Amino acid sequence: MDSIKQTITNLRNELRAHNYNYYVLDTPTISDYDFDTKLKTLQELEEKHPEFFDANSPTQRVGGEITKNFETVKHNFRMYSLDNSYSKDDLLDWEKRIKKMVDGPVEYTCELKYDGASISLTYENGNLKRAVTRGDGFQGDNVTANVKTIKSVPLKLKGDYPEVFEIRGEIVLPFEGFNKMNEVRIANGEEPYRNPRNTASGSLKLQDSSEVAKRPLECLLYNLTGTNLGVTTQFESLEKARSWGFKVPEVAVLAKSVDDVLEFVNYWDTKRHELPYETDGIVIKVNNLQQQEELGYTAKAPRWAMAYKFKAEQVSTLLNEITYQVGRTGAITPVANLEPVELAGTTVKRASIHNADQIAKLDIRERDVVFVEKGGEIIPKIIGVDVSQRPLDSEPTKYISECPECNTVLVRTEGDAKHYCPNYNGCNPQIIGRIQHYISRKAMDIEGLGGETVALLVNEGLISNYSDLYELTKSQVIPLERMAEKSAVNLVNGIKASTAIPFERVLYAIGIRYVGETVAKKLAKHYKSIDNLIKASQEDLEQVDEIGVKIAESVTLFFSSEENLVIIDRLKEYGVQLSITDEELEGQTDILKGQSIVVSGVFEHVSRTELKKLIENNGGKVSSSISSKTSLVVAGDKMGPSKKEKAEALGISLINESDFLLKLKL
Ligand code: AMP
Ligand code: ZN
């Protein structure tokens, strides 16, 4: 037994070191394959020996915990904002104020201001205890389960760390990962994310931590908080934190004067474009912690720190033409076609304008000279018009009233910012977009067929909806541009293979508006077959957990179309999965219907993941925290005493593992 414990400990230490080399130092010393093999071995051992469970084991980084409502936590030390400065004079004024308040020479640390989501991490005895968002500065959300999946956040520390402390930093999404995420979204026919910062902070609030684990987030640390930390300067605290295993960027320097500070500013103003992540300025801090304490805080920010914002890059250029794009759902997006201009290191030819309101608000017109800014967004945006340069015969932009692709009169429903082309079955970009969505990775995942080929097939008149795909033959495809015999075979085989894709994904693939992956899963589980779903009335749909009026309306609308029903019938004929298979049905009951269940502790016969799955398969809902809405707590070994107390206080019954399995007749 002891030797198993030892093996587990060794594997954990080894994997932890590899994580550190890879994600903090960026210098891996093991292949991905070997890492995965070791991780898998550890996972298996941990599953077999739940008595050695450790919430901070490297295996916990894959996520899996679902948080419905994030618990609010009061910060032990307030998370302040920063004052901003924009010029040398601002900085000199600040220095003057400081020198009046403290004695002796003042040194400064200069750091970059990372643009992401702030986070406060609490460590006790070298273990990550809690991760809390900034919130309003006084209290934030407990997002520990999600933050644990970020590989550069150490779950266990090394070296001479204090017993208890907090460390603050910024969770960022580096450009490379951000762009990759967007490529996938675009390929799936989804709107790309606007910028890394919002995507990073949005990621922290995802309910499913295994989704967070898939996002290439990083955590950069810049501030130690606590008492008796054994450091005397900010610079030293950065070095210490680095030695305990945190990712602390090496760019910080010490400055003795405002001139030194400006040198740092000037250097990074251009150099920052070479960094892998976004920064929006620099932060200057009084280095000596004793002096920091003397300076203290204003109502909103420390007196000992100052942000210096980089100027957002802006240029002006001529707006040649406003064109309009039609998306898969028929939504119209106006696009500004610009006279090409250099901005932040790239040539910009197009800028996004969101909708008709935006055009009206800024009074944007063709042939105007417009100001274009590149913030975090990939596509730059128009922020204003230079009216002084407007041609005399200029006229306000008239938003189109007909679809640029099919000339159908556009509609705009109350409360919707966008115009739509309602010609669902006859508008080319909608037809192509829908099929592209159908074949995309998260939908039918058809190998050998890409978005461009879909467009080609539609334009050649070979297909006009996704059910047509199943009748394509090799000889039809070969004459297409860039199609060799082999790729034609792959294409046809790929389409055939998609008949094995489970019902819930088919339901997502057919592209009912507002039916995303999660909703599709819910509907598939509830109705079990497309025939049941087609029969469902609007009221019936609204009864389903988490299905609202908007979705219910959209589903009934979809199936009220004769054309859609014909397409569905054809899919059925070709063997596409339009109901849950017996295999999937097996073990599904309604025993726990309507119950919200919390799982706590370590279990003997089933893993936590299995237990959660069991609950869901039997109609229950898994919830991560105990509240008055909790119906039942399945209590394993080592259930936390505070959870137990809370359950008892709320009068919620606890059930042990074997009684629970009995209840499910297992
Ligand atoms: P602001 O939100 O503009 O008031 O700026 C304050 C925020 O800047 C803090 O809450 C931090 O999240 C963030 N920040 C980014 N980098 C740093 C850094 N090196 N030092 C301190 N704060 C930083
Ligand atoms: Zn149209």
Side-chain angles (χ1 to χ4, degrees), residues 75 77-86 108-121 131-138 140 166-172 196-198 200-201 204 218-225 234-235 237-238 241 246-253 261 264-265 268 272 275 277-287 292 297-302 304-310 312 324-333 376 400-411 418-434:
H75 292 298
F77 301 89
R78 187 174 152 192
M79 287 181 88
Y80 284 89
S81 185
L82 288 172
D83 282 332
N84 283 317
S85 59
Y86 300 91
Y108 307 92
T109 28
C110 301
E111 299 165 36
L112 288 171
K113 188 164 186 292
Y114 318 108
D115 202 12
S118 6
I119 195 81
S120 180
L121 308 174
V132 182
T133 62
R134 176 164 120 167
D136 62 3
F138 296 98
E166 282 177 38
I167 186 163
R168 277 144 189 203
E170 202 81 358
I171 292 181
V172 298
R197 187 205 14 198
N198 292 355
S201 60
L204 295 183
E218 278 197 25
C219 183
L220 310 171
L221 285 312
Y222 52 71
N223 188 278
L224 278 186
T225 308
Q234 166 66 7
F235 200 80
S237 70
L238 294 177
F246 291 102
K247 187 152 191 162
V248 179
E250 310 249 6
V251 299
V253 300
V261 171
F264 185 82
V265 171
W268 284 106
R272 69 187 168 116
L275 290 169
Y277 40 76
E278 198 150 8
T279 53
D280 63 343
I282 70 161
V283 185
I284 309 131
K285 298 172 188 167
V286 169
N287 190 39
Q292 283 192 5
Y297 299 82
T298 66
K300 89 174 232 298
W304 46 263
M306 184 59 90
Y308 187 102
K309 290 265 170 100
F310 295 128
Y324 300 85
Q325 280 179 345
V326 189
R328 139 172 99 87
T329 57
I332 308 290
T333 309
I400 49 165
S401 56
E402 288 173 6
C403 176
E405 301 279 342
C406 72
N407 303 324
T408 307
V409 174
L410 299 179
V411 293
K418 294 213 165 212
H419 287 71
Y420 284 88
C421 165
N423 186 10
Y424 184 84
N425 286 311
C427 184
N428 228 25
Q430 296 190 54
I431 295 171
I432 295 173
R434 265 196 311 272

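Hydrogens, waters and symmetry mates play no part in the numbers below; they use all other heavy atoms, side chains included. Note that the structure is predicted; figures quoted are calculated from it, not measured. Ligands are counted one by one from 1 in listed order, and the atoms in each one are counted from 1 as well.
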Residue set satisfying ring pair (Phe, Tyr, Trp, His ring centres under 6.0 Å) with Y222, at least two apart, ordered chain then number -> none
Between K309 and S85, is there a side-chain donor-acceptor contact under 3.5 Å, judged purely by atom types and distance? no
Proximity of Y297 and Y80 rings by center, below 6.0 Å: yes
Strictly by modelled atom types, are Q292 and Q234 linked by a side-chain donor-acceptor pair under 3.5 Å? no
Report yes or no: is the cationic atom of R272 (NZ for Lys, CZ for Arg) under 6.0 Å from the centre of the six-membered ring of Y277, at an angle within 45° of the ring normal? no
T298 side-chain N/O to K300 backbone N/O, donor-acceptor pair under 3.5 Å: yes
Kindly print each ligand 1 N/O atom paired with any protein N/O atom under 3.5 angstrom away, one pair per line, or none if nothing qualifies.
unit_1	atom_1	unit_2	atom_2	d
ligand 1	3 (O)	K113	NZ	3.4
ligand 1	4 (O)	S81	OG	2.6
ligand 1	4 (O)	L82	N	3.3
ligand 1	5 (O)	K113	NZ	3.3
ligand 1	10 (O)	R134	NH1	2.7
ligand 1	12 (O)	S118	OG	3.0
ligand 1	12 (O)	E170	OE1	2.5
ligand 1	12 (O)	Y222	OH	3.0
ligand 1	16 (N)	Y114	N	3.1
ligand 1	19 (N)	E111	OE1	3.0
ligand 1	19 (N)	L112	O	3.0
ligand 1	20 (N)	K285	NZ	2.9

Hey, does L82 have a side-chain heavy atom less than 4.5 Å from the side chain of V283? yes
Set of ring pair (Phe, Tyr, Trp, His ring centres under 6.0 Å) partners for H75, sequence neighbours left out: none
What lies under 2.8 Å from the Zn ion (ligand 2), restricted to protein N/O/S atoms, is C403 SG, C406 SG, C421 SG, C427 SG
State whether a side-chain donor-acceptor pair under 3.5 Å links E166 with S120. yes
